[in-house]
Asker: 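Handing you a structure now.
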Amino acid sequence: ETGVTQSPTHLIKTRGQQVTLRCSSQSGHNTVSWYQQALGQGPQFIFQYYREEENGRGNFPPRFSGLQFPNYSSELNVNALELDDSALYLCASSYYAGTGASYEQYFGPGTRLTVT
Amino acid sequence: QQQVKQSPQSLIVQKGGISIINCAYENTAFDYFPWYQQFPGKGPALLIAIRPDVSEKKEGRFTISFNKSAKQFSLHIMDSQPGDSATYFCAPSGTGNQFYFGTGTSLTVIP
């Protein structure tokens, strides 16, 4: 098991509502990435936070937003939920030196979001 | 989106056999090539990874082979066990520590 934790485990929301998902990074890690994994698909990169700022974004609309806090924990916020937002949302933490090179990334167990 | 193609989509292997999963990528700026293992209801777990300065890396029963010129890398699972039954993803990464996942390979190891 990694040291990355996510809450809640499961969540059911209605279309049009807003949701906030939370992630605590593994000790020593300074970067958090969020992914959306639809059933039977690979994780899709949403965005990454490094030093409390967004450091890259995938092909997701602005209604997907995030925050990283000084203790490197993070939130993913999704506004105006759509049925297609139903998925497993994964948080991954890593240590990034800011040099451009990539490092090991460790995933949490995910939050299963169902939009009805 | 960065193109990452993984094959096969599914794989059935007898216990003790060799499982081979392939990943092809387009972005020559990728500098880190991991494989992740995912069990149902769990997050992906880092299995093994390689950097482009070596062509092969072995950890226990798991080996990565890397072909920089062909822009491909593969995962070999030796002496496959029923406990290896899971979905495997390649997820190359480039500048900025951003990872691009393949579509996954469902491996079933038959006892």
Side-chain angles (χ1 to χ4, degrees), chain A residues 1-7 9-10 21 23-24 26 29-51 53-60 87-112, chain B residues 1-10 21-25 27-53 57 59 64 66 73 75 86-107:
Chain A
E1 295 290 331
T2 70
V4 181
T5 60
Q6 291 186 244
S7 62
T9 304
H10 297 89
L21 309 181
C23 171
S24 292
Q26 186 165 307
H29 287 182
N30 60 4
T31 302
V32 173
S33 300
W34 285 92
Y35 293 82
Q36 180 194 67
Q37 186 175 23
L39 201 60
Q41 303 294 318
Q44 296 294 310
F45 175 70
I46 302 175
F47 45 56
Q48 180 186 91
Y49 277 83
Y50 169 61
R51 291 184 175 179
E53 292 189 358
E54 189 177 289
N55 181 43
R57 188 179 185 93
N59 189 27
F60 281 82
L88 180 68
Y89 287 85
L90 295 161
C91 160
S93 76
S94 61
Y95 174 76
Y96 179 50
T99 60
S102 297
Y103 294 84
E104 294 82 0
Q105 183 172 226
Y106 297 92
F107 283 83
T111 293
R112 173 70 62 186
Chain B
Q1 286 283 20
Q2 309 289 338
Q3 287 273 337
V4 178
K5 295 184 179 180
Q6 191 174 331
S7 63
Q9 184 175 357
S10 62
I21 305 170
N22 301 298
C23 187
Y25 61 94
N27 189 344
T28 56
F30 286 152
D31 63 356
Y32 179 67
F33 302 88
W35 285 95
Y36 283 85
Q37 179 190 57
Q38 187 176 29
F39 293 103
K42 303 288 187 182
L46 179 63
L47 191 62
I48 187 172
I50 198 169
R51 296 198 183 271
D53 52 344
K57 180 177 181 180
E59 290 183 356
I64 291 183
F66 179 70
F73 63 111
L75 173 68
T87 300
Y88 293 81
F89 294 97
C90 62
S93 174
T95 302
N97 203 36
Q98 296 171 18
F99 293 74
Y100 299 90
F101 278 75
T103 51
T105 296
S106 177
L107 171 65

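Side chains included, hydrogens not; waters and symmetry mates left out as well; all remaining heavy atoms used.
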Asker: Check whether the ring centres of B:Phe101 and B:Phe99 lie less than 6.0 Å apart, and answer yes or no.
Answerer: no
Asker: Tell me, with the steps shown, if B:Tyr36 and A:Phe107 meet ring-ring contact (aromatic ring centres under 6.0 Å, His included).
Answerer: CA-CA 10 Å; B:Tyr36 283 85; A:Phe107 283 83; 5.3 Å; yes
Asker: Of the backbone (N, CA, C, O) and the side chain (C-beta and beyond), which part of B:Gln6 lies under 4.5 Å from a heavy atom of chain A, both, or neither?
Answerer: neither
Asker: Mind ranking A:Pro43, A:Gly110, A:Gly56 by heavy-atom pairs under 4.5 Å with chain B and telling me who comes out on top?
Answerer: A:Pro43
Asker: With a 4.5 angstrom heavy-atom cut-off, is it the side chain or the backbone of A:Gln37 that approaches chain B, or both, or neither?
Answerer: side chain
Asker: Applying the ring-ring contact (aromatic ring centres under 6.0 Å, His included) test to B:Tyr100, which of B:Tyr32, B:Phe89, B:Phe30 qualifies?
Answerer: B:Phe30
Asker: Taking B:Pro8's backbone N and O only, do any of them form a donor-acceptor pair with B:Thr105's side chain (distance below 3.5 Å, no angle check)?
Answerer: yes
